[in-house]
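Since the model is a prediction, treat every value here as computed from it, not as a measurement. Indexing begins at 1, ligand by ligand and atom by atom, following the structure's order.
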Amino acid sequence: MSKTSIEIIQADITALPVDVIVNAANRSLMGGGGVDGAIHRAAGPQLLEECRGLNGCMTGEAKMTSGYNLPARHVIHAVGPVWDGGKRDEDRLLGNCYRNCLRLADQAGLTSIAFPSISTGVYRFPIERACHIALTETLRFLEQGTSLEKVIFTCFSDQDLQCYRETYRRLSL
Ligand code: ADP
């Protein structure tokens, strides 16, 4: 068992005072709708300036920036797969997102990270399936030992919150 605590909460991720929040970005890293838009609005225009210099990001990969006006010190921009029925490697690519975010946070020696539910908004990944991948990849990563003391899964809707809590309960049995 790892010593890192896992929290599943309903919140606006832009309000969380953690070391790093994860953005469900697109490959351009130039902002968008959903959580991406909310993060850029709350961080201010300097975030877009820094993102401009990153030359985008491949699906399944992640890149870190400063958090600017956010209460979070950093942002990790991760690009989830667009759901297309499950035959285009979507499961593996989503798993890569979570692993790459955790690895970046760990390599920077960070202690707290908050994830949104990557790919389950505009990218239409089914929530139960995405939530299972998010939790299993994270639990597997934490078993290796890490600087991270707290991992927060931030749910926006009641349904997502229930799904994460129920899936986590089943995985911890
Ligand atoms: P994607 O394109 O990866 O599907 P979206 O931003 O459309 O990304 O949706 C990802 C998840 O983020 C959805 O569950 C959505 O409800 C949620 N979300 C949107 N805004 C916020 C926010 N401010 N804080 C936390 N989660 C959010």
Only heavy atoms of D160, strictly under 4.0 Å: list the atoms of ligand 1 that pass. 14 (O)
A student comparing A24, S117, S157 should find that the heavy atom closest to atom 10 (C) of ligand 1 comes from S117
Looking only at distances, please establish whether an N/O atom of ligand 1 is found under 3.5 Å from an N/O atom of V35. yes
Side-chain donor/acceptor of N100 to backbone N/O of G60, under 3.5 Å: yes
Regarding Q10 and D158, is there a side-chain donor-to-acceptor distance under 3.5 Å anywhere? yes
Would E49 and R52 pass as an ion pair if we require N to O under 4.0 Å? yes
Looking at atom 17 (C) of ligand 1, what's its closest protein heavy atom, distance included? F156 CB, 3.9 Å
For ligand 1, which is the ligand I care about here, please tell me if S119 has any N or O atom under 3.5 Å from one of the ligand's N or O atoms. yes
What I want to know is whether Y123 and ligand 1 share at least one N or O pair that is separated by under 3.5 angstrom. yes
Under 4.0 Å, heavy-atom basis, I'd like to know which part of I39 is in contact with ligand 1: side chain, backbone, both or neither. neither
Please say whether more than 12 non-hydrogen atoms of neighbouring residues, nucleotides or ligands are located less than 6.0 Å from CE in M30. yes
Among protein heavy atoms, which lies nearest atom 7 (O) of ligand 1, and at what distance? V122 N, 2.9 Å
Where is the nearest protein heavy atom to atom 23 (N) of ligand 1: which residue, which atom, and how far? D12 OD1, 2.9 Å
the protein heavy atom lying closest to atom 24 (N) of ligand 1 turns out to be I13 N, 3.0 Å
Give the residue, atom name and distance (to 0.1 Å) of the protein heavy atom nearest atom 4 (O) of ligand 1. G121 N, 2.8 Å
Classify the side-chain pair H74/S66 by whether it contains a donor and acceptor separated by less than 3.5 Å. no
Classify the side-chain pair D106/T146 by whether it contains a donor and acceptor separated by less than 3.5 Å. yes
What closest approach, in Å, do A25 and D36 show between heavy atoms, and which atom pair accounts for it? CA-OD2, 3.8 Å
Contact with ligand 1 for A11, non-hydrogen, under 4.0 angstrom: yes
Looking at side-chain heavy atoms only, is the closest gap between T138 and F153 below 4.5 Å? yes
